[in-house]
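Presented below is the structure to which this report refers.
Lettering of chains follows the sequences in order, A, B, ..., and the numbering in each one begins at 1.
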Amino acid sequence: MHKITYKREMAEKTVCHFKVEAPRIARKAKPGQFVVLKVNETGERIPLTMGGTDPATGLIDLIFQVVGKSTALLRTLNVGDSIQDIIGPLGKPTHVENLGTVICVGGGTGVAVMYPITKAYKEAGNNVIAIIGSRTKDLLILEDEMKAASHDLRVTTDDGTYGVHGFVTDVLRKILDERKDVKLIVGIGPVPMMKFLCKLTKEYGVKTMVSLNPIMVDATGMCGACRVTVGGKTKFCCVDGPEFDGHEVDYDELVKRQRAYLTEEKVSMEKFTTVGR
Amino acid sequence: MAEKEEKEKKPKVPRQKMPEQEPKVRAKNFDEVPFGYTPELAQLESSRCLQCKKPKCIEGCPVEIDIPAFVKLISEGDFAGSARKLKERNSLPAVCGRVCPQEDQCEKVCIVGKKDQPVAVGRLERFAADWERTKGEITIPEKAKPTGKKVAVVGSGPAGLTVAGDLILKGHEVTIFEALHKTGGVLIYGIPEFRLPKAIVQAEVNYLEKLGVKVECNCVIGRIDTVDELLKEYDAVFLGLGAGLPQFLNVPGENFCGIYSANEYLTRSNLMKAYMFPKYDTPIARGKNVAVFGAGNVAMDSARTALRLGADTVRIIYRRSRDEMPARIEEVHHAEEEGVQFYLLTAPTKFLGNDNGWVTGVECLRMELGEPDDSGRRRPVPIKGSEFQLECDMGVVAIGAGPNPLLPTQTQGLELNKRGYIVADLETGKTTKLGVWAGGDIVTGSATVILAMGAGRKAANSMHEYLVNK
């Protein structure tokens, strides 16, 4: 059991931030790794990225968007409540080195995944430009944190309610037009964002890493639910990833596989909203 | 005269069948298929044992259970005593009584079986273990004096549970580390409820905990702690990791939605209880027209699970012939009775799908048997131009599993063979790394529960010797 010690609604009741007791994971986790959690006995195993970890307090940060029953259920928990199972750290850590100039692009709740990675690139001595974006101002998360974790932060909203009116890719294109010293781009967000971001960066020939979030079950390489096609080969995102060369990923297949259980997700959500569990 | 002679002979008792659910009924539920022997049936069956002076059955058992002795106790009505006798050699009798391939082991060499059908050792084992669990008092055997030595067991499948059970009785402190949120390994995630009720596995683990074994779930060794870190805290480590890496067919279209590895399909259903969705949150595809690739026990489990989840048609697609099918005869028989169809000498070449990325069918080739291959089985050879298509809205790939590289490849000094399995001495379980033993599927490749337990037993003996001399 893992007790929740802190809870904050970050964006219009759709994005939530927990601090949870998980001392062993807090001690070991590195940027880019994730956990799998199961809220209660009847719950499903869902992968969530850690927004941060603190070995001293033994707490890990979970930042999640309410997208279905499991995350809706998770959001009903309060400080003092416990999450039954948390497994981690899982996945390969981000390979961080000093490359020069790195651009970190986060979209939606992908910003939460991006944050510790951005911090790590800065700490490794890189000149870090960060671009974060959301549909609208109220959904924007971790602006201050991202500002501190980078040398230059740009913000976009799709509807123009805050920052630059447009997509993260619009800002990215401008930067890539202006400077030729960008060594690496890391893009994390909804699949369509990563797809278009990679299309763009391929034009400019800049290496781009993405962090994928397919459906997972065990997340230890045992089931293959999370298989993704990268460079024409099948990879297990949970153990081979979650980060891959963004120019090699088959995003269309990923989107379809993410939608495999839409019908069941609706059934689950309806039951949750009517019965409450 | 002839008539008189007949009368004087002891009436021959035939091998007793286990009552079981009707195929049509059971194909729609997840309850266990056989009901098990009643005490009367068990005693009748046990009376068939000849109590051989030189019993072959004991040699046929990988953990050398004193079979004549436990069978005799049943015939005498001492069911609790029989269970105790079993547990002297086998810490998981209720499991083994259900899933051991007895027909290839103890029952294969049974003397009664030379002229008649062999004594139903497996059914009797199951009976005694079930009787103890449900009716009797579970007795805790005496433990040896504490040695002060600490052992870490990685993996809570049959091998790990056996090592833990043996070493705790020898006085060592034992902690099991399990990657999943529940203990039991393949017994929990792989074997379906209708073949091995999960309450039985839980009871076996509870028993170990009563003996003092500590269990830590949600610990993926290799990620949270390395083997070297464990060695700092523990005097010896046993790796019973299983063969948890699913193999795929590697044909085009295999990543269409609706195509599962057997590991995923069974894990969703068994471990996550997706068959009770939406009471349980994990979803599972309920295919109407299901193709299962492979013909081992896991393929049979997958096919029978699909039937229970409402499939109209379930086909086993296998590239060799009936004689080469690796599944137990009983499993094939159960699957056929329930309505699973067999497409033998048939190999998939590609999957077909729709715009949503869902599988809609599979293209197959007919095969014929050629010369024997390395495994001694006749190699299937494609018949040119024999392509045909089968419709399916779900597929399960059950063609075997390999070693999960997560832990082995991260452990320095641990030698692996070229297929990625851990190199360990088959008699002692010793690996190339000091203080580390391994056994079960991670050494041998996918095998049986009882062979993993046998490997666990040997490793436990070797570890004990090492620990007392350390």
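With a threshold of 4.5 angstrom between heavy atoms, B:N250 does not approach chain A through any atom at all. Heavy atoms closer than 4.5 Å to chain A are found in the side chain of B:C219, but not in its backbone. Interface residue A:I86: only backbone heavy atoms are found under 4.5 Å from chain B. Proximity to chain A (any heavy atom under 4.5 Å) is restricted, for B:I284, to the backbone atoms N, CA, C and O. Only the side chain of B:K182 comes within less than 4.5 Å of a heavy atom of chain A; its backbone N, CA, C and O stay farther away. Of the atoms belonging to B:F248, it is side-chain heavy atoms, and not backbone ones, that fall under 4.5 Å from chain A. Proximity to chain A (any heavy atom under 4.5 Å) is restricted, for B:E229, to the side chain, taken from C-beta onward. Using a 4.5 Å cut-off between heavy atoms, B:N255 touches chain A through backbone and side chain atoms alike.
Put simply, CG on B:L241 and CG on B:L406 are 9.5 Å apart, with the number rounded to the nearest 0.5 Å. In this structure, CG on A:L62 lies 7.5 Å from NE2 on A:H17, to the nearest 0.5 angstrom.
Using a 4.5 Å cut-off on side-chain heavy atoms (C-beta onward), A:E44 and A:K38 make no contact. Annotation: side chain of A:L74 is in contact with side chain of A:L37 (closest heavy-atom distance under 4.5 Å).
No more than 12 heavy-atom neighbours from other residues, nucleotides or ligands sit within 6.0 angstrom of NZ on A:K119.
Between chain B and the options A:T42, A:D85, A:V36, heavy-atom pairs under 4.5 Å are most frequent for A:T42. Chain B forms more heavy-atom pairs under 4.5 Å with one residue of A:M222, A:R259, A:K256, A:R257 than with any other, namely A:M222. Heavy-atom pairs under 4.5 Å with chain B were tallied for A:V39, A:V255, A:I87; the largest tally goes to A:I87.
Between B:K288 and B:D393 there is no salt bridge, since no side-chain nitrogen of the basic residue lies less than 4.0 Å from a carboxylate oxygen of the acidic one. B:R308 and B:E193 are not joined by a salt bridge, as no carboxylate oxygen comes within less than 4.0 angstrom of a charged side-chain nitrogen. Salt bridge status for A:K3 with A:D81: absent, with no side-chain N to carboxylate O gap under 4.0 Å. Looking at B:E173 and B:K214, a side-chain N of the basic residue comes within less than 4.0 Å of a carboxylate O on the acidic one, giving a salt bridge.
The side chain to side chain contact (heavy atoms under 4.5 Å, CB included) check on A:T263 picks up nothing, with sequence neighbours excluded.
Interface residues of residues 23-33 of chain A toward chain B, defined by a heavy-atom distance below 4.5 Å and sorted by number: A:R24, A:I25, A:K28, A:Q33. Against chain B, the residues from residues 224-236 of chain A that qualify, each with a non-hydrogen atom under 4.5 angstrom away, are A:G224, A:A225, A:R227, A:T229, A:T234, A:F236 in number order.
The list of ring-ring contact (aromatic ring centres under 6.0 Å, His included) pairs with a residue in residues 33-67 of chain A, not counting sequence neighbours, reads A:F18-A:F64.
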